[in-house]
Participant: 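Got a structure here, written out as structure tokens. Questions coming.
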Amino acid sequence: MCSFIKRMINRYRKKFSRNPITFNSPAIGMLLSDKREEVLEYFKKYTEGKTLNELEIFFSEGEHHPIHKWLHYFDVYDRYFSKFRDREILMVEVGVFKGGSLDLWKNYFGPKVKIIGVDIDPECKKFESDQIHIEIGSQEDRNFWKDFRNRYPKADIFLDDGGHTMKQQIVTFEEMYGHVANNGIYMCEDLHTSYWGDYQGGYRNPGSFIEYSKHFIDRMNAWYIGRNQLPVDDFTKTAYSLAFYDSMLVIEKKEREVPPVTLMI
């Protein structure tokens with residue numbers, strides 16, 4: 001996560017030489033500025049006339065460790081996560097960074113949530129608290145995820161905000177989608193790295209996570225495709241919806257043990 005932030009900062013510094021708060025982008029000002037007052041001023045301009053959700057209010061007004069988020073993510077989070085508030089759930093977030101998003105989730109979901117943060121940096125252990133546990137490991141290590149699955153129950157929410165390389169995103173999905181509970185959410189964000197060569201991406205690069213995830217559409221509809229072409233698999237039976245947003249993919253899980261049925265009365 002930390003290396004991702006540094007690369008993002010360098011990329012935007014090269015692209016925008018003027019005041020980082022004035023360029024027309026939904027990016028949070030923290031990308032280019034560590035001045036809280038400037039960031040909050042940009043946030044106010046970006047959200048002017050908008051009714052803020054609880055995540056945005058906490059981000060702008062609450063006490064928390066530094067949070068790095070694209071501003072348009074907050075509405076997507078609230079759309080899919082609101083039903084889990086004040087419930088006993090398990091959330092897994094890959095990418096701890098400075099611990100701010102852990103504060104965000106703890107405040108949003110309430111006292112019943114258990115949060116597991118995953119990061120490769122051992123320093124992130126310092127963000128543990130009564131509701132938050134930190135696991136140290138590499139998200140592109142399949143053995144790490146195997147051990148993780150053996151020690152934790154299925155997650156109600158799994159959020160991949162880790163290193164954002166193609167291998168990391170693909171390995172994490174392959175190892176952890178099946179470990180998301182029925183009626184749960186699998187979310188992967190910062191998919192714009194699929195278009196960047198320094199993350200092993202590139203436009204229409206078949207090895208990018210964007211291109212990889214486009215096949216999810218076929219797999220979800222495999223009921224209607226010949227078995228010799230694309231067999232029905234666990235993804236077909238559990239993927240209730242796929243939603244692509246700017247730089248985000250959200251998968252809602254809901255078990256479907258039999259093919260869909262059509263009726264006319």
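Sequence positions, counted from 1, serve as the residue numbers for this chain. Side chains included, hydrogens not; waters and symmetry mates left out as well; all remaining heavy atoms used. Note that the coordinates shown come from a computational prediction; the quantities given were computed from them, not determined experimentally.
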Participant: Run the numbers on Ser208 and Glu211 for side-chain hydrogen bond (donor to acceptor under 3.5 Å, both in side chains), then give the verdict.
Facilitator: CA-CA 5 Å; Ser208 74; Glu211 294 300 315; 4.9 Å; no
Participant: Step through it carefully: locate the ring centre of Phe127, locate the ring centre of His65, and say whether they are under 6.0 Å apart.
Facilitator: yes
Participant: Step by step, would you call Glu135 with Tyr152 a side-chain hydrogen bond (donor to acceptor under 3.5 Å, both in side chains)?
Facilitator: CA-CA 11 Å; Glu135 289 288 341; Tyr152 292 104; 2.5 Å; yes
Participant: Main chain of Leu191, side chain of His164: is a donor-acceptor contact present, judged purely on distance under 3.5 Å?
Facilitator: no
Participant: Under 4.5 Å between any side-chain heavy atoms of Arg79 and Val250, yes or no?
Facilitator: no
Participant: What heavy-atom pair brings Ile136 and Ile120 nearest, and what distance separates the two atoms?
Facilitator: CG2-O, 3.8 Å
Participant: What is the distance from atom CG of Asp75 to atom CD of Glu56, rounded to the nearest 0.5 Å?
Facilitator: 5.0 Å
Participant: Give a yes or no on whether Tyr203 and Met166 share a hydrophobic cluster (residues Ile, Leu, Val, Met, Phe, Trp, Tyr; joining criterion: side-chain heavy atoms under 4.5 Å apart).
Facilitator: yes
Participant: Hey, mind stepping through Phe43 and Phe74 against ring pair (Phe, Tyr, Trp, His ring centres under 6.0 Å) and telling me if it holds?
Facilitator: CA-CA 12 Å; Phe43 176 83; Phe74 290 117; 7.2 Å; no
Participant: Where is the tightest heavy-atom contact between Glu252 and Ser241, given as atom of each residue plus distance?
Facilitator: OE1-OG, 2.5 Å
Participant: Rounded to the nearest 0.5 Å, what's the gap from CG on Asp160 to CD on Glu93? Could you check?
Facilitator: 9.5 Å
Participant: Which pair of heavy atoms, one from Asp119 and one from Cys124, lies closest together, and at what distance?
Facilitator: CG-SG, 3.6 Å
Participant: Under the ring pair (Phe, Tyr, Trp, His ring centres under 6.0 Å) test against Tyr186, which residue among Tyr80, Phe173, Phe216 passes?
Facilitator: Phe173
Participant: Calculate, to the nearest 0.5 Å, the distance between atoms CE and CZ belonging to Met176 and Arg142 respectively.
Facilitator: 12.5 Å
Participant: Side-chain contact, heavy-atom cut-off 4.5 Å: Tyr77 with Met248?
Facilitator: yes
Participant: Please tell me whether Ile57 and Phe81 are part of a single hydrophobic cluster in this structure, the criterion being side-chain heavy atoms less than 4.5 Å apart.
Facilitator: yes
Participant: Indicate the ring-plane relationship of Tyr108 and Trp105, choosing parallel, tilted or perpendicular according to the 30° and 60° boundaries.
Facilitator: perpendicular
Participant: Closest approach of Met91 and Leu159, non-hydrogen atoms and distance?
Facilitator: CE-CD2, 4.1 Å
Participant: Would you mind reporting whether Glu255 and Lys237 have side-chain heavy atoms less than 4.5 Å apart?
Facilitator: no
Participant: Give the intermediate values and the outcome of side-chain hydrogen bond (donor to acceptor under 3.5 Å, both in side chains) for residues Tyr240 and Asn182.
Facilitator: CA-CA 10 Å; Tyr240 180 71; Asn182 188 37; over 6 Å; no
Participant: Mind checking whether Met220 and Arg256 have side chains closer than 4.5 Å, heavy atoms only?
Facilitator: yes
Participant: Any side-chain to backbone donor/acceptor pair from Glu128 onto Ile134? Under 3.5 Å, distance only.
Facilitator: yes
Participant: Please list all pairs meeting side chain to side chain donor-acceptor pair (under 3.5 Å) that have one or both residues in residues 216-227, counting only residues at least two apart or in different chains.
Facilitator: Arg219-Asp233
Participant: Is any side-chain heavy atom of Tyr245 less than 4.5 Å from a side-chain heavy atom of His72?
Facilitator: no
Participant: Would you call the rings of Phe58 and His64 parallel, tilted or perpendicular, where under 30° means parallel and over 60° means perpendicular?
Facilitator: tilted
Participant: Do the ring planes of Tyr212 and Phe209 sit parallel (below 30°), tilted (30 to 60°) or perpendicular (above 60°)?
Facilitator: tilted
Participant: Quick one: pull up NZ in Lys69 and CD1 in Ile67 and give me the separation to the nearest 0.5 Å.
Facilitator: 8.5 Å
Participant: Under a 4.0 Å threshold between the charged nitrogen and the carboxylate oxygen, would Lys106 count as salt-bridged to Asp130?
Facilitator: yes
Participant: Do Val180 and Ile251 have side-chain heavy atoms sitting under 4.5 Å apart?
Facilitator: no
Participant: Just verifying a value: how many Å separate Trp145 CH2 and Asn150 CG, rounded to the nearest 0.5 Å?
Facilitator: 13.0 Å
Participant: Looking only at heavy atoms, which two atoms of Val92 and Val118 are closest? And how far apart?
Facilitator: CG1-CG2, 4.2 Å
Participant: In the structure I gave you, are the side-chain heavy atoms of Lys253 and Thr238 within less than 4.5 Å of one another anywhere?
Facilitator: yes
Participant: Measure the CD-CD distance between Glu140 and Glu175 for me, rounded to the nearest 0.5 Å.
Facilitator: 12.0 Å
Participant: Is there a donor-acceptor pair under 3.5 Å between the side chain of Glu48 and the backbone N or O of Lys44?
Facilitator: no
Participant: For residues Arg87 and Lys112, determine if any side-chain heavy atom of one lies less than 4.5 Å from a side-chain heavy atom of the other.
Facilitator: no
Participant: Which heavy atom of Gln139 sits nearest to which heavy atom of Val171, and what is that distance?
Facilitator: O-CG1, 3.6 Å
